J.: 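Provided herewith is a single structure, encoded as structure tokens, for subsequent inquiry.
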Amino acid sequence: MKLRVDVMLKEGVLDPQGKAIGHALANLGFTGVGEVRAGKVIELDIAESDAIKATESAQKMAQKLLANQVIEDYRVTVL
């Protein structure tokens, strides 16, 4: 089963990569771009046919490795 884990910095956490992207877009002439936030997307192919079990497994992976829960939030989606 394929799953996607989206990892983003929590609200209020400074995002220097997002700021750099925002400045680069402005320098390239793109106007009207507000706040830019950068994150990670991890796609997993798990050997599990039960969507609930696969989601639980991906959530454990996110909690233990994929996301730093002090500064990041994550969301697991079945694809």
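Owing to the predicted nature of the structure, the values given are computational and were not obtained by experimental measurement.
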J.: Going by side chain to side chain contact (heavy atoms under 4.5 Å, CB included), name the residues that satisfy it together with N27, two or more places apart in sequence or in a different chain.
T.: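 Result, side chain to side chain contact (heavy atoms under 4.5 Å, CB included) vs N27: none returned.
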
J.: Which atom names give the shortest non-hydrogen contact between K10 and E72, and what distance separates them?
T.: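 So the two residues come closest at CE-O, 3.5 Å.
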
J.: More than 12 heavy atoms of other residues, nucleotides or ligands under 6.0 Å from NZ of K2: is that the case?
T.: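 For K2, atom NZ is not crowded (no more than 12 foreign heavy atoms under 6.0 Å).
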
J.: Can you name the nearest heavy-atom pair linking M8 to G39, along with the distance?
T.: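 Reported closest heavy-atom pair: SD-CA, 3.5 Å.
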
J.: Please give the remaining members of the hydrophobic cluster of L65, linking ILVMFWY side chains under 4.5 Å, ordered by chain and number.
T.: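 Via sub-4.5 Å side-chain contacts, L65 links to M1, L3, V5, V7, I42, L44, I46, M61, L66, Y74, V76, V78.
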
J.: Does R75 have any side chain to side chain contact (heavy atoms under 4.5 Å, CB included) partners at least two apart in sequence or in another chain, and if so, which?
T.: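 Counting only residues at least two positions away or on another chain, R75 forms a side chain to side chain contact (heavy atoms under 4.5 Å, CB included) with D6, T77.
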
J.: Does Q63, at its CD atom, have more than 12 non-hydrogen atoms belonging to other residues, nucleotides or ligands within less than 6.0 Å?
T.: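 Yes, enclosed.
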
J.: Any salt bridge (Lys or Arg N to Asp or Glu O under 4.0 Å) pairs touching residues 11-23, not counting sequence neighbours?
T.: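 Listed by first then second residue: nothing to list.
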
J.: The criterion is side chain to side chain contact (heavy atoms under 4.5 Å, CB included); which residues satisfy it with I52, sequence neighbours excluded?
T.: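 Scan of I52 (side chain to side chain contact (heavy atoms under 4.5 Å, CB included), adjacent residues dropped) gives D50, E56.
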
J.: How long is the span from the NZ atom in K60 to the OG1 atom in T55, to the nearest 0.5 Å?
T.: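 K60 NZ to T55 OG1: 12.0 Å, rounded to 0.5 Å.
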
J.: With a cut-off of 6.0 Å (strictly less than), are more than 12 heavy atoms of other residues, nucleotides or ligands near CG of L28?
T.: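 Enclosed.
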
J.: Give the other cluster members for L9, using side-chain heavy-atom distances under 4.5 Å between Ile, Leu, Val, Met, Phe, Trp and Tyr residues; answer none if it is isolated.
T.: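 For the cluster that includes L9, the remaining residues are V13, V70, I71.
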
